[in-house]
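First up is the structure itself, then whatever we jot down about it.
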Amino acid sequence: MNDPAVTLPFPRKPKYGQAEKDAVLNLLDNGHLSEINRGPATNALEAAFARLTGTRHALSFNSGTASLHAALHAVGATPEAGVAASPMTWISAITAVFQAGSYPVFCDIEPDSPNIAATAVAATASTCSAVLATHTWGIPARMDQLAKATGLPIVEDCSHAHGALYQGRAVGSWGAAGCFSLQESKSVSGGEGGVLTTMNREVYERALTLGHHPARLAAELTLPDLQPFTTTGAAYKYRMPALSAVIARQQLRSLPHRMLAAEQNLAILRTVLEEYDVPLAWPAIGELSVRGWYGTPLTINVRVPDPAELSKRLKAAGVPVRSLYEDWTQAPLLQHPELAARFWPHLARSPYRPPAVDELPNFHKAMRQMIVLKVPQILAQDYMEQVAEALTAVLVRTLTA
């Protein structure tokens, strides 16, 4: 008899619905696809993200990576001192540190979370100029503990965590700046794009100088030390296309309903898996906290002998697993500073040191023991029950073989 497998298709609606199509057509009819100032499309999106996060300022970019670069620049990342960063993130969050003129100091993650550990940050604070805290897979990082661990400015990477709350407060409002990706796989997408949020006017203006048009700089820069940049800025040309802005604005409108559906789907999955007593640990969100929906990390509580084989079997059974990130700390770019210095010459003179495998035990254990599920954002009870049955069968067969 064959093991249970998922036969239903992954439940989804079209990524871009009628509201997004209407917004794009209206923009085309208006004939303005580029906004060098804070035009109508840009203004609407930035205002919506400020409301989402409860911050005073929001600033749009053409990618989440650009927003990270601008945020790290704005909070004062330096070549002489690094940026404390998690190894469990996408490579762009690491290279953004190089782009901002600094270098990553990798800190281990927590033993029960995919996020950077406050204790690890505290241990490296004397060698760092900032902290980059990723809300990995949408699980809010413990921002109160990170703030207590160091007096350094914290940049939140919220790329997985649109709409998430930590202790009742929106991610993107805890640190000196928050950064959101609007790339197509994210819960809120403009196709491409990014947004920076902050309560701090100085951070906002310093981020503005990196890649926005001189017309906007002249209109918005107020700080005396930034006045010399009103006619040029740094000219990276990081501003968001108006098309991305109007699409992402519509995506934000539907986000609460999609988040609720995903939460209900996860509850169905968890109920079935707990009935089968599957050896899984669920991420701790905490009271008054709400998670984002890029992926759902589950930790297997018995040793996984072959993670690659487990992933292969899960995919063959139709379980919607998302691939874990590579171990970027061991990639040639991170292990051989002379390679990175081809792109970022300041590294040839920086204290950057390639990380060793044994420095990050919790991270490497998670890479072996963690699986990440994709959860639909429309209610799908039958599908989630099938996923639970198939996941249980694969785990039992693989871990008891």
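All values below come from the heavy atoms of this structure, side chains included, with hydrogens, waters and symmetry mates left out.
- Within 6.0 Å of atom CZ in F10, more than 12 heavy atoms from other residues, nucleotides or ligands are found, so the atom counts as buried in its surroundings.
- For the residue pair T7/Q386, the side-chain donor-acceptor check at 3.5 Å is satisfied.
- Side-chain contact annotation: T42 with E35, donor-acceptor N/O pair under 3.5 Å present.
- Using a 3.5 Å distance cut-off with no hydrogens or angles, the side chains of E184 and Y16 do pair a donor with an acceptor.
- For R56, the CZ atom counts as loosely surrounded, since its 6.0 Å shell holds 12 or fewer non-hydrogen atoms of other residues, nucleotides or ligands.
- Salt bridge absent: E46 and R51 never bring a charged side-chain N and a carboxylate O closer than 4.0 Å.
- Note on ring orientation: taking the six-membered ring where Trp is involved, the planes of H69 and Y236 are perpendicular (angle over 60°, cut-offs 30° and 60°).
- Proximity of the aromatic rings of F61 and H212 is defined here by a centroid distance below 6.0 angstrom, and this criterion is met.
- To the nearest 0.5 angstrom, N362 atom CG is 10.0 Å from M88 atom CE.
- A donor-acceptor contact closer than 3.5 angstrom links the side chains of Y276 and E389.
- Distance check, rounded to the nearest 0.5 Å: CG of L334 to CD1 of I91 gives 5.5 Å.
- No more than 12 heavy atoms of other residues, nucleotides or ligands lie within 6.0 Å of NZ in K237, so this atom counts as exposed by the packing criterion.
- Of the N and O atoms on the side chains of T134 and T136, not one donor lies less than 3.5 Å from an acceptor on the other residue.
- Ring geometry, F180 versus H162: the interplanar angle falls from 30° to 60°, so the pair is classed tilted.
- A side-chain donor from one of Q183 and S185 sits under 3.5 Å from a side-chain acceptor of the other.
- For T198 and N200, the side-chain atoms include no donor-acceptor pair closer than 3.5 Å.
- Side-chain atoms of E385 do not come within 3.5 Å of backbone N or O of L269 as any donor-acceptor pair.
- Checking Q167 against D144 by side-chain atom types alone, a donor-acceptor pair falls below 3.5 Å.
- Two residues are said to be in side-chain contact when any heavy atoms from C-beta on lie closer than 4.5 Å; L52 and L252 meet this criterion.
- Aromatic rings from W90 and Y294 are positioned such that their centres are separated by 6.0 Å or more.
- If you check the side chains of Y383 and N265, you find no donor sitting under 3.5 Å from an acceptor.
- Atom CG of D277 is surrounded by 12 or fewer heavy atoms from other residues, nucleotides or ligands within 6.0 Å.
- T398 and E309 share no donor-acceptor pair across their side chains, judged by distance under 3.5 Å alone.
- Residues H364 and D358 bring no donor and acceptor atom of their side chains to less than 3.5 Å of each other.
- Judged by distance alone, the side chains of T222 and E205 do bring a donor and an acceptor atom under 3.5 Å apart.
- The residue from Q250, Q251, R253 that alone fulfils the side-chain hydrogen bond (donor to acceptor under 3.5 Å, both in side chains) condition with E20 is Q251.
- Contact check on R142 versus D112 returns a salt bridge, with a Lys/Arg side-chain nitrogen under 4.0 Å from an Asp/Glu carboxylate oxygen.
- Under 3.5 Å, the side chains of R216 and N37 contain no donor-acceptor pair of N or O atoms.
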